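Report on one structure; see the data block that follows.
Remember, it's a predicted structure, so these values are computed and weren't measured experimentally.
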Amino acid sequence: LLEKRDKARRAKDFETADALLERAYSAPEGDLGLRIHDESRTWRIWTTERPSSKKHGSDMSPAELCLQIVSDSEPDKLDEMKALLSKFPGREWNILKKVRSRYGEH
């Protein structure tokens, strides 16, 4: 639909392009949303529910994984890691990535 819409826009057939846009917005089934950015020629589809934060089958949160890795590698820095995690809430995945690059994959 988006490719057809793009062709209609290039041909200056804006009525068809608008109709295709409406079809594209209504096409995702369920709780999906669609956003089209014409200037950058990009589009995104997302769900209304956030995806699970559990990655790679782990039952631990990224903050818990950080604490476990630091506890296993350098237990004396555990308080420092707790302070870092509380100082930057919402950035746990970024911190985990840095911790894994420093101490190796766990």
Side-chain angles (χ1 to χ4, degrees):
L1 289 174
L2 297 178
E3 187 177 325
K4 288 179 183 179
R5 176 181 178 262
D6 197 34
K7 287 178 184 178
R9 289 184 70 218
R10 278 188 259 131
K12 300 201 185 298
D13 182 2
F14 297 113
E15 188 175 315
T16 302
D18 289 343
L20 288 168
L21 180 61
E22 286 304 314
R23 282 182 57 199
Y25 279 134
S26 63
E29 296 293 324
D31 294 332
L32 296 178
L34 172 67
R35 179 176 181 197
I36 299 171
H37 192 264
D38 287 325
E39 290 178 18
S40 64
R41 302 178 58 80
T42 59
W43 54 272
R44 291 184 181 189
I45 295 177
W46 67 91
T47 61
T48 54
E49 279 187 34
R50 289 186 71 158
S52 170
S53 63
K54 308 293 183 200
K55 288 190 175 183
H56 310 296
S58 174
D59 289 337
M60 299 175 73
S61 72
E64 292 170 333
L65 287 169
C66 287
L67 294 173
Q68 180 188 21
I69 292 169
V70 170
S71 174
D72 292 346
S73 303
E74 287 188 78
D76 55 317
K77 295 203 175 204
L78 194 57
D79 289 334
E80 188 178 329
M81 179 54 61
K82 288 178 184 177
L84 186 70
L85 288 166
S86 66
K87 184 176 180 179
F88 298 104
R91 295 188 179 175
E92 292 86 356
W93 284 111
N94 294 343
I95 296 170
L96 178 60
K97 185 177 176 183
K98 298 251 184 201
V99 167
R100 284 182 167 163
S101 70
R102 179 173 181 166
Y103 296 111
E105 191 73 28
H106 276 72

Legend entry - Reported CG-to-CD distance for the pair Leu96 and Glu64, which is rounded to 0.5 angstrom: 11.5 Å
Legend entry - Heavy-atom pair with the smallest gap, counting every atom of Arg9 and Phe14: O-CE2, 4.0 Å
Inset, instruction - With rounding to the nearest 0.5 Å, note down the distance linking CD1 in Ile69 to CD1 in Ile95. - result: 12.0 Å
Inset, instruction - Kindly indicate whether the side chain of Arg102, heavy atoms from C-beta on, has any atom under 4.5 Å from the side chain of Glu74. - result: yes
Inset, instruction - Measure the spacing between CZ of Arg91 and CG of Leu84 and express it to the nearest 0.5 Å. - result: 10.0 Å
Inset, instruction - Please answer whether the main-chain N or O of Val70 pairs with a side-chain N or O of Ser73 as donor and acceptor at a distance below 3.5 Å. - result: no
Inset, instruction - Kindly compute the distance separating OG (Ser71) from CG (Leu65), expressed to the nearest 0.5 Å. - result: 12.5 Å
Legend entry - Pairing residues for Thr16 by the side-chain hydrogen bond (donor to acceptor under 3.5 Å, both in side chains) criterion, not counting sequence neighbours: Asp13
Legend entry - Glu92 (side chain) donor-acceptor with Gly90 (main chain) under 3.5 angstrom: yes
Inset, instruction - Can you see which heavy atom on Cys66 is nearest to which on Leu85, and at what distance? - result: CB-CD1, 4.2 Å
Legend entry - Nearest atoms (heavy-atom pairs only) where Arg5 meets Leu21: NE-CB, 3.5 Å
Inset, instruction - To the nearest 0.5 angstrom, please state how far the CG atom of Leu20 sits from the CD atom of Glu15. - result: 11.0 Å
Legend entry - Ala19 backbone acceptor or donor facing Glu22 side chain under 3.5 Å: no
